[in-house]
2 protein chains.
Amino acid sequence: MSLRAVKPQHETRTRILDAAEELFMQHGFEATSMRLLTAKAGVNLAAVNYHFGSKLALIEAVFRRRLDPMNLARIAELEQLEAQSRAAAPEEIIRAFLSPTLELVEDAKGGGRNFIRLLGRAYTEPAKPVRQLIGQMHAPVMDRYKSALERALPHMPREELVWRMHFMFGTLAYTLAATDTVQLIAGCKPEDRYDARLLEDRLAAFLNAGLNAPLGNTIRKAA
Amino acid sequence: MSLRAVKPQHETRTRILDAAEELFMQHGFEATSMRLLTAKAGVNLAAVNYHFGSKLALIEAVFRRRLDPMNLARIAELEQLEAQSRAAAPEEIIRAFLSPTLELVEDAKGGGRNFIRLLGRAYTEPAKPVRQLIGQMHAPVMDRYKSALERALPHMPREELVWRMHFMFGTLAYTLAATDTVQLIAGCKPEDRYDARLLEDRLAAFLNAGLNAPLGNTIRKAA
DNA sequence: GTCTATATCCTGATAGAC
DNA sequence: GTCTATCAGGATATAGAC
């Protein structure tokens with residue numbers, strides 16, 4: 001008798017996660033009501049609480065679904081790089097960090113692109129619980145990459161490296177969050193905004209140059 | 001009989017704007033209620049509607065108060081640069097753009113620092129009206145700086161320049177929004193996080209290097 | 001201009017039938 | 001597991017006394 005008789009197990013969960021991903025990206029966490037969300041997902045209002053327990057737990061699940069595999073991939077790429085006989089170049093490390101993220105940019109149908117923009121926004125989310133969540137999920141990866149970059153750039157002062165990593169992370173976060181803002185700066189063909197390989201090349205070139213910028217000014221003025 | 005008998009004209013407006021600046025920064029726009037806001041400002045709940053008309057209008061006023069002078073300063077610094085006999089260097093243009101923003105970082109008491117963090121967050125704000133607001137206020141300035149950078153870098157393809165400006169803007173936005181996240185990457189002395197001159201030097205070095213990164217990779221792969 | 005009181009609506013969450 | 005109905009509270013905005 002059901003209209004969705006062939007619904008697989010856990011499809012409700014997935015439908016909720018997909019709808020949440022899209023609506024959180026469009027309107028933010030606070031502004032997305034469970035009513036709107038469940039309506040879009042085509043499920044009952046009570047389903048969110050039944051399957052996830054609370055709105056915050058749903059937010060956490062949305063991030064875990066994508067972020068855990070992404071961070072595993074980042075670690076894997078870095079380990080592959082470090083298994084080589086020669087030392088890894090800074091740009092290789094940067095690309096290892098970027099590529100698992102940018103792969104999702106091309107996944108428009110699966111919702112990966114939605115998530116990527118959501119992720120970019122979450123880094124500057126005002127709500128403390130959400131930022132803590134993201135911070136916790138990223139912390140171990142950041143530590144690994146920080147160590148890798150320290151080995152690749154042995155002469156850079158630690159403090160300067162931390163700042164430059166911060167800058168790099170910011171460039172990525174904003175680029176993910178605000179891909180639509182490029183048009184604000186100038187018209188550019190929309191289709192190549194989402195070419196992941198091209199975007200990775202552009203980002204890697206910019207970030208690698210920034211990471212290796214001359215140290216003179218800051219050292220002099222800080223002294 | 002009033003407890004605040006010596007209250008100057010428009011002080012209520014200012015108290016509301018100051019409280020809004022801080023609370024919007026801490027909790028975001030959606031999560032900041034008028035009740036909390038007016039309580040913090042020490043004014044009546046109805047005062048916001050009387051003085052500003054609506055919550056969105058209040059948000060606009062919060063941005064206008066700081067952004068209009070800031071963007072005027074950016075234009076002024078650029079015009080000063082272009083009045084020189086020699087051509088402006090890219091790093092000079094970058095610094096002209098940065099410095100009016102970073103000056104506010106040092107204004108902890110006046111609330112400037114609050115606004116700066118709020119501004120960083122607003123760039124990736126999900127709510128469309130707010131982003132449109134920020135976009136409109138920035139558009140003329142961005143045009144001017146784009147033209148200036150085109151003159152300073154005549155050999156860079158327009159499209160690449162737009163991307164690099166986008167990256168630069170992102171670095172700034174995230175740095176402003178997430179000054180507390182630096183500690184997530186690694187412990188660093190909190191007091192020098194807010195040394196505007198030092199921060200400008202660090203940012204300018206990073207951004208200038210990124211802006212002038214070799215073009216090889218992208219050109220080759222794009223072809 | 002400032003206040004109190006309130007209208008109107010929407011929020012996340014849950015109880016309990018099916 | 002899914003539904004309806006509802007709770008208790010908070011949201012913006014306003015009406016009207018002072």
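First the proteins, then the strands, lettered A, B, ... as listed; each starts at 1. Because the structure is a prediction, the values reported are computed rather than measured.
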Using whole Å, report how far [atom1] of [X] lies from [atom2] of [N].
X: A/E30; N: D/dG10; atom1: CD; atom2: P; answer: 14 Å
X: B/L23; N: D/dA11; atom1: CG; atom2: P; answer: 12 Å
X: B/M34; N: D/dT14; atom1: CE; atom2: P; answer: 13 Å
X: A/L37; N: C/dA13; atom1: CG; atom2: P; answer: 12 Å
X: A/F24; N: C/dG12; atom1: CZ; atom2: C1'; answer: 12 Å
X: A/L36; N: C/dC10; atom1: CG; atom2: P; answer: 12 Å
X: B/Y50; N: C/dG1; atom1: OH; atom2: C1'; answer: 5 Å
X: B/R13; N: C/dT2; atom1: CZ; atom2: P; answer: 12 Å

Exercise for review: Measure from the side-chain N and O atoms of B/R121 to the backbone N and O of B/M25, and report whether any donor-acceptor pair falls under 3.5 Å.
Suggested key: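 Yes; at least one donor-acceptor contact below 3.5 Å.
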Point to revise | Bending between helix ends of the helix from C/dG1-D/dC18 to C/dC18-D/dG1 [5 pairs per end, 10° resolution] | key: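 Here the local axes at opposite ends form an angle of 0°.
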**Study point:** Residue list, side-chain hydrogen bond (donor to acceptor under 3.5 Å, both in side chains) with B/Q80, at least two apart or on another chain
**Key:**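 B/Q80 satisfies side-chain hydrogen bond (donor to acceptor under 3.5 Å, both in side chains) with no residue once adjacent residues are dropped.
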Point to revise | All side-chain hydrogen bond (donor to acceptor under 3.5 Å, both in side chains) counterparts of B/Q26, not counting sequence neighbours | key: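 side-chain hydrogen bond (donor to acceptor under 3.5 Å, both in side chains) check on B/Q26 returns B/E22.
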Review point. How far does CD1 of A/I94 sit from CG of A/N208, to the nearest 0.5 angstrom?
Key: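 Answer for the CD1-CG pair, A/I94 versus A/N208, is 4.5 Å.
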Are the charged groups of [X] and [Y] less than 4.0 angstrom apart, N to O?
X: A/R113; Y: A/E106; value: no
X: B/E82; Y: B/R144; value: yes
X: A/R95; Y: A/E77; value: no

Point to revise | ring-ring contact (aromatic ring centres under 6.0 Å, His included) against A/F63, all qualifying residues, sequence neighbours excluded | key: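 In terms of ring-ring contact (aromatic ring centres under 6.0 Å, His included), with neighbours along the sequence ignored, A/F63 is linked to A/F115.
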Pairs under 3.5 Å (N/O, protein and nucleotides 4-9 of chain D):
{"residue": "D/dT4", "atom": "OP2", "partner": "A/N44", "partner atom": "ND2", "Å": "3.4"}

Check your understanding: Is the distance from OP1 or OP2 of C/dG1 to the nearest side-chain N or O of B/T12 less than 4.0 Å?
Key ->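 For C/dG1, OP1/OP2 do not have a side-chain N/O of B/T12 under 4.0 Å.
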Taking the side chain of [X] as its heavy atoms from C-beta onward, which of [options] lies nearest to it?
X: A/K55; options: C/dG1, C/dA13, D/dG1; answer: C/dA13
X: B/S54; options: C/dA13, D/dT2, D/dA13; answer: D/dA13
X: A/N49; options: C/dT2, C/dA13, D/dT14; answer: C/dA13
X: B/S33; options: D/dA11, C/dT11, C/dT14; answer: D/dA11

For residues 50-62 of chain A, run the donor-acceptor check on the side chains, cut-off 3.5 Å, and write out each pair with its distance to 0.1 Å, sequence neighbours left out.
{"residue": "A/S54", "atom": "OG", "partner": "A/A57", "partner atom": "N", "Å": "3.2"}
{"residue": "A/K55", "atom": "NZ", "partner": "A/F29", "partner atom": "O", "Å": "2.8"}
{"residue": "A/K55", "atom": "NZ", "partner": "A/T32", "partner atom": "O", "Å": "2.8"}
{"residue": "A/E60", "atom": "OE2", "partner": "A/R64", "partner atom": "NE", "Å": "3.4"}

Check your understanding: Are A/Y123 and A/H138 close enough that their ring centers fall under 6.0 Å?
Key ->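 Centroid separation for A/Y123 and A/H138: below 6.0 Å.
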**Study point:** Sugar-phosphate, base or nothing in reach of B/T38, heavy atoms under 4.0 Å
**Key:**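 No contact.
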Review point. Taking the nucleotide of DNA chain C with the closest heavy atom to each, which residue, A/A31 or A/G53, is nearer the 5' end?
Key: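 In this pair, the answer is A/A31.
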